[in-house]
Engineer: 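The structure's right below; bear with me while I get my questions together.
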Amino acid sequence: MPSTDVTTCPHCGRPDRGEPFRVLSRHTTGTGHTEWTRCGCGSLQVRVADGRGTRVVSRSEPAARPEAASR
C-alpha cells in the first residue's frame, strides 16, 4: 500500500474525514490507536489516531469486483 498525505481518496475523491467508510478493526497503540478501514469505493486504508489527530497513512487500490476478476 502506498503511503499518502492527501486528504481525499485518490480513487473516488471522498474526503478522508467523511463518510462512508467502514471500520474493519481497531488496535490500541502507545500513543492512540490504529484503524483498518474500507472506503466506500473499496480502498483499504490504515488510519492512525494520536495526539496529532486522525489521518490516513496508507491505502490500497479499490478491491476488484468478483465479476471483473473472473473475466
Side-chain angles (χ1 to χ4, degrees):
M1 282 185 255
S3 180
T4 180
D5 60 0
V6 297
T7 58
T8 62
C9 177
H11 308 294
C12 68
R14 289 183 175 102
D16 286 341
R17 298 182 199 270
E19 299 288 337
F21 68 86
R22 186 178 69 191
V23 176
L24 304 174
S25 65
R26 179 177 287 144
H27 309 276
T28 302
T29 66
T31 59
H33 66 268
T34 300
E35 293 179 343
W36 286 80
T37 64
R38 188 159 310 272
C39 180
C41 71
S43 172
L44 184 63
Q45 304 171 339
V46 178
R47 296 171 186 252
V48 171
D50 57 18
R52 295 175 28 201
T54 301
R55 63 205 173 279
V56 175
V57 295
S58 187
R59 69 177 91 228
S60 72
E61 299 265 332
R65 293 184 178 164
E67 64 274 7
S70 64
R71 290 185 194 169

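All residue numbers in this chain count up from 1 along the given sequence.
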Engineer: Any idea which heavy atoms bring His27 and Ser25 closest together, and the distance?
Structural biologist: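 That would be NE2-OG, 2.9 Å.
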Engineer: What heavy-atom pair brings Ser43 and Ser60 nearest, and what distance separates the two atoms?
Structural biologist: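 In this case the closest contact between Ser43 and Ser60 is OG-O, 2.6 Å.
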Engineer: Mind checking what makes side-chain hydrogen bond (donor to acceptor under 3.5 Å, both in side chains) contact with Thr37, not counting sequence neighbours?
Structural biologist: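 By the side-chain hydrogen bond (donor to acceptor under 3.5 Å, both in side chains) rule, Thr37 matches Gln45, Arg47.
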Engineer: I'd like to check the salt bridge (charged side-chain N to carboxylate O under 4.0 Å, His left out) partners of Arg26; sequence neighbours left out, ordered by chain and number.
Structural biologist: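 For Arg26, the residues satisfying salt bridge (charged side-chain N to carboxylate O under 4.0 Å, His left out) (neighbours in sequence not counted) are Glu35.
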Engineer: Quick check: closest heavy atoms across Thr8 and Gly13, and the distance to 0.1 Å?
Structural biologist: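 The pair with the smallest heavy-atom distance is CB-O, 3.9 Å.
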Engineer: Membership question, hydrophobic clusters at under 4.5 Å side-chain separation (ILVMFWY): are Val57 and Phe21 in the same one?
Structural biologist: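 They do not share one cluster, since no chain of ILVMFWY contacts under 4.5 Å joins Phe21 to Val57.
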Engineer: Nearest heavy-atom pair of Gly40 and Arg14: which atoms, and what distance?
Structural biologist: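 Looking at all heavy atoms of both residues, the shortest contact is C-NH1, 3.3 Å.
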Engineer: To check you understand the geometry: which heavy-atom pair defines the closest contact between Cys9 and Asp16, and what is its length?
Structural biologist: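 Between these two residues, the closest heavy atoms are N-OD1, 3.7 Å.
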Engineer: Got a second to check how far Arg59's CZ is from Arg38's CZ, nearest 0.5 Å?
Structural biologist: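 Interatomic distance, Arg59 CZ to Arg38 CZ, rounded to 0.5 Å: 13.0 Å.
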